[in-house]
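Chain naming here is simple, since letters A, B, ... match the order of the sequence lines and numbering starts at 1 in each.
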Amino acid sequence: MITSLHDAVAQHVHDGDTLALEGFTHLIPHAVAQEIIRQERRNLHLVRMTPDLAYDWLIGSGCVTKLTFSWGGNPGVGSLQRFRDAVENQWPHPLEIEEHSHAGMATRYAAGASGLPFGVLRGYVGTDLPKHTNSIKTVECPFTGEVLAAVPAINPDVGIIHAQRADRAGNVQIWGLLGVQKEAVLASARSIVTVEEIVDELPPVPGAIVLPYWVVNAVCHVPGGAHPSFAMGFSVRDNAFYKSWDAISKDRDAFTAWVDKHIKGTTDFAEYRESVGV
Amino acid sequence: MITSLHDAVAQHVHDGDTLALEGFTHLIPHAVAQEIIRQERRNLHLVRMTPDLAYDWLIGSGCVTKLTFSWGGNPGVGSLQRFRDAVENQWPHPLEIEEHSHAGMATRYAAGASGLPFGVLRGYVGTDLPKHTNSIKTVECPFTGEVLAAVPAINPDVGIIHAQRADRAGNVQIWGLLGVQKEAVLASARSIVTVEEIVDELPPVPGAIVLPYWVVNAVCHVPGGAHPSFAMGFSVRDNAFYKSWDAISKDRDAFTAWVDKHIKGTTDFAEYRESVGV
Amino acid sequence: MAEYTTDELMIVNAARQLGALAAAGKSQCFVGIGLPSTAANLARRLYPIEPVLIYESGCIGSKPTTLPLSIGDGELADTSDAVVSVPEIFAYWLQAGRIDIGFLSGAQLDKYANINSTVIGSYESPTTRLPGAGGAPEIAASAGVVMVIMRQSARSFVERCDFRTSIGFGDGKGDRERLGLRGGGPQWVITDLGVMEPDPDTCELVVVAVHPGVTREQVVAATGWAVRFVDGLPTTDEPTPFELDTLRTLQAA
Amino acid sequence: MAEYTTDELMIVNAARQLGALAAAGKSQCFVGIGLPSTAANLARRLYPIEPVLIYESGCIGSKPTTLPLSIGDGELADTSDAVVSVPEIFAYWLQAGRIDIGFLSGAQLDKYANINSTVIGSYESPTTRLPGAGGAPEIAASAGVVMVIMRQSARSFVERCDFRTSIGFGDGKGDRERLGLRGGGPQWVITDLGVMEPDPDTCELVVVAVHPGVTREQVVAATGWAVRFVDGLPTTDEPTPFELDTLRTLQAA
């Protein structure tokens, strides 16, 4: 249960897997993304509402063949350059995309967590998304006859999140913006959780939820593991890093050099932190 | 917004309305049920997962023509005698019932709160409920072809709950067992919330949720207003009262005398508490 | 020999089964109030690997120090690892297949382990209106396996339930599969007289053990169908002083 | 006369509209990050009846003291009346019709106020891949009314969007009703040059005001369709020193 991040990725993340690294701006499991790059996983299908830097790294590093998402930008900054380059120029190789709205993705995760094959929403009406995304269909209400959007459940092979705390049994405590983290873990066949600290007991915290140990496969102690995202109560969002990412990621060589130095050139997340000076 | 319970019921609860008084064992709004009896509302359609004593009072007092529910017992004790007498013997008059399972009712409330006309679940399969309940149908997954149960949204005229606290703006704070209270309020056209205390600010509490003032129509200060149910942090469940209710409610005359004395014979919930000595 | 009641025999045997399941890695138990809750809380106290108690009121991992009267006593929430809403407990936890053991009781049980907790008599004009379904239909459908605990009598153990509130094996073997149910259905019916299990070939409940001092004749008299017994019918182990003491302490608290 | 930028004119005018809506009882505003968030937070500081800010990260009633860079900055959660999950914010709050005002921006806007934030060029081989939909499609569909804030240019204000990410009025009047959309759609497009509103008869966007110092020619040059102007085209009020000071303090924090 409690293990190193290296071993968790080695054991649970395989070539060709569908992965959901979730965290809505808050608690994005960036350390796990790095470890997946270090261990050179390939042909991944990545799922995430907001790909963020974690997926820019993975896409640019050639780990990804398909991306399912709803908003692929650098929040508050602009484009996600490696994602753009992959879609616009197939670099480093072609990237299949499956594109939804946030509401649709949230519905898909909730259906996945609920053991339902699909979810229903008032969505996509009048947009061009259904023309390009096969996984948007309709369903008729058997009571009113109204036609609504239907989207298939998301059930990744591995759900991956960062959280504030776990206890030694592996119960995980999360507070602040909760995003779809609970759903991502519950919808997945396996799960990896990195945490800021491991404690004997989880003291109650306002706004916190607990995921019991028996829905978590691996808990890894990775302080700061969300960086440049943040963990409420432990860190703040490194907005300067997000802004600086734009220039680094715009250039393929600069990107590759950065990944080579800070991710592939480090053995774990602690070394990465030293390497980037955070 | 902040008003007396008398005025809230007078303004928001009308003859013929569909009402959902929710609270899953915890925080059952018994004081509101009493006030509805005092104000002699009639032809109500009551909705509630577990009717409990609140609905036994209302049914026995002749306020109710239809009941939608999923478990009509006296929790931990046995039958709900007034409910039984109404179904078995049409006393004090016939009671139409619409019967679901808990999972189905929860799905219906969630659909109602979500602005969807129906909800989907793995439910009712192999049971006799669909033979007797028209509001259980099926829907086919447009992706897998699987057939699942479909139930219509619940959208009551008035959602009624008891909560621990509100602030002076009418923001409501609830903690402990949350049941379907949020869903009942959000699914309803109007809402009434009784609270243990009204405070200047809502201090954060682990496990608490907040309903913003703009989804609440009336907040009423009714300390102990869940009795014989309870409010975590303020009271414990009056199990002795639940046990004693069995004998009182088994007999029509004893029931009527009890209601005449303790509900109709009191002007408000504070008087009721004195009257029953709690 | 210790003195004990038939209810104690029933509860202790149910707790033993939960303990065996927990030891085999099947720990997550969705618990109804009353007899299931008592037996599950006893098992928590008897075995090193405790069952994880989940209540439909939204309590996950409850460790109550006293037996709750209702499914929503404050004690359940206070001692839980997590408390979630009722829609969530049914959708994310039960329906999704995260529950190993559904632990049910009822008013009537038939030979295919279908349960009635709705009406005695006809639905439209019932002789006795019972509380109804609660969480049982979906527990019976979705839990990995189901265990039933019920006092046995010819009135309550019937050829066919007046109303099918929760499905066991429907009209016999293959019905669960035909209906697409994901859970395995009832595997043990533990009564105050003994233990029944579904016949592997027919899914009809068969008596696989009787409690100490109980005769076949008693079981036949308390069963509303022509009940069968396994060959060499065993007797359940006498409750140990530790089991009885623990149960009595729990019930006295 | 105070000096100000065209962005300041745009943001101040958007805040004024939110203030007017809040005063009229339309307070609940679902806010995108960037220009919408800046204008909404300005309105919170300018008017006695504040808009209630709701962010797709699950923050309800956020009162940030500094402008968030992202939709999920800690400041948003810390200052909220309630924080809910992302599935809940979309289902229970937006979809259910609890949002008075959807406040959006985009990369392209067309004459029927449809918005593109997905691709420039074709979807399969885009010239520019944009971030995509986010919460916008359902905000545009379900919010009571929609307000758009966007810098205007002939490249971004087009006859027809390359991709319809969020619907305004589709191909014209009646389309929203035909599609069964519950929200009223875009009522104001506030730009750095002026304000557009849909023509009541056609739903085509018409310029209803220009900002101080802006000419019709500038607007025509910055609009990719043959844009029309209302008769007697008014000029928006000069920003007041209080408006400008408040905005600049907010942006400097």
Trainee: If I measure from the heavy atoms of chain D, does A:Leu80 come under 4.5 Å with its side chain, its backbone, both, or neither?
Mentor: neither

Trainee: Could you look at A:Met49 and say if it's the side chain, the backbone, both or neither that has a heavy atom under 4.5 Å from chain D?
Mentor: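 The side chain, not the backbone.
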
Trainee: So which part of A:Ile97 gets closer than 4.5 Å to some heavy atom of chain D, the side chain, the backbone, both or neither?
Mentor: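 Side chain of A:Ile97 only, per the 4.5 Å heavy-atom cut-off to chain D.
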
Trainee: Strictly below 4.0 Å, N to O, side chains only: are D:Arg129 and A:Glu88 in salt-bridge contact?
Mentor: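 Salt bridge: no.
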
Trainee: Name the region of A:Val236, side chain, backbone, both or neither, that has any atom closer than 4.5 Å to a heavy atom of chain D.
Mentor: neither

Trainee: Are D:Thr128 and D:Val119 packed together at the side-chain level, in the sense that at least one heavy-atom pair is separated by less than 4.5 angstrom?
Mentor: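 Side-chain contact under 4.5 Å: no.
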
Trainee: Between A:Arg84 and A:Asp56 (salt bridge meaning N to carboxylate O under 4.0 Å), is one present in this structure?
Mentor: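 Result for this pair is no, no salt bridge flagged.
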
Trainee: Is the distance between the ring centroids of D:Tyr55 and D:Phe30 less than 6.0 Å?
Mentor: no

Trainee: Residue by residue, scan residues 80-98 of chain D and write down, ordered by number, those that have a heavy-atom distance under 4.5 Å to chain A; if none do, write 'none'.
Mentor: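 So far as heavy atoms go, D:Val83, D:Ser85, D:Val86, D:Pro87, D:Phe90, D:Gln95 are the residues that approach chain A to under 4.5 Å.
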
Trainee: Working to the nearest 0.5 angstrom, can you tell me the gap between D:Trp188 CH2 and D:Leu18 CG?
Mentor: 9.0 Å

Trainee: Under 3.5 Å, is there a donor on one side chain and an acceptor on the other for A:Glu98 and A:Thr133?
Mentor: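 Note: A:Glu98 and A:Thr133 side chains miss the donor-acceptor criterion.
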
Trainee: Which atoms of D:Leu130 are under 4.5 Å from chain A, going by heavy atoms: the side chain, the backbone, both sets, or neither?
Mentor: backbone

Trainee: May I ask you to say whether A:Lys182 pairs ionically with A:Glu22, meaning some side-chain N is under 4.0 Å from a carboxylate O?
Mentor: no

Trainee: State, with a plain yes or no, whether a side-chain heavy atom of D:Pro64 is found less than 4.5 Å away from one of D:Arg44.
Mentor: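 Counting from C-beta outward, D:Pro64 and D:Arg44 do come under 4.5 Å.
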
Trainee: Which bit of D:Arg178 comes within less than 4.5 Å of chain A, counting heavy atoms only: side chain, backbone, both or neither?
Mentor: neither

Trainee: Under a 4.0 Å threshold between the charged nitrogen and the carboxylate oxygen, would A:Arg237 count as salt-bridged to D:Glu75?
Mentor: no

Trainee: Looking at chain A, which one of D:Ser57, D:Ser125, D:Pro131 has the largest number of heavy-atom pairs inside 4.5 Å, strictly under?
Mentor: D:Pro131

Trainee: With a 4.5 angstrom heavy-atom cut-off, is it the side chain or the backbone of D:Thr127 that approaches chain A, or both, or neither?
Mentor: backbone

Trainee: Hey, do the aromatic rings of A:His102 and A:Phe24 have their centres closer than 6.0 Å?
Mentor: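 Ring-ring flag for A:His102/A:Phe24: true, centres closer than 6.0 Å.
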
Trainee: Go through A:Asp85, A:Val147, A:Leu178, A:Leu129 and name the one with the most non-hydrogen pairs under 4.5 angstrom from chain D.
Mentor: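 Heavy-atom pair counts peak at A:Leu129.
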
Trainee: When heavy-atom pairs shorter than 4.5 Å are enumerated against chain D, which of A:Gly119, A:Gly179, A:Gly207, A:Pro75 gives the highest number?
Mentor: A:Gly179

Trainee: So which part of D:Leu181 gets closer than 4.5 Å to some heavy atom of chain A, the side chain, the backbone, both or neither?
Mentor: side chain

Trainee: Considering only heavy atoms, which portion of A:Tyr109 lies under 4.5 Å from any heavy atom of chain D: side chain, backbone, both, or neither?
Mentor: neither

Trainee: Any Lys/Arg nitrogen of D:Glu138 or A:Arg122 sitting under 4.0 Å from an Asp/Glu carboxylate oxygen of the other?
Mentor: no

Trainee: What's the separation between atom NE2 in A:His26 and atom CD in A:Gln164, rounded to the nearest 0.5 Å?
Mentor: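 Answer rounded to 0.5 Å: 5.0 Å.
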
Trainee: Given heavy-atom pairs under 4.5 angstrom as the criterion, report whether the side chain, backbone, both or neither of A:Ser101 touches chain D.
Mentor: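 The answer is both parts of A:Ser101.
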
Trainee: Which answer fits A:Tyr124, side chain, backbone, both or neither, if we ask what part of it has an atom under 4.5 Å from a heavy atom of chain D?
Mentor: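 Looking at A:Tyr124, backbone and side chain both touch chain D.
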
Trainee: Taking NZ, NE, NH1 and NH2 as the nitrogens, is one of them in A:Arg108 or A:Glu183 under 4.0 Å from a carboxylate oxygen of the other?
Mentor: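 The answer is no: the pair does not qualify as a salt bridge.
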
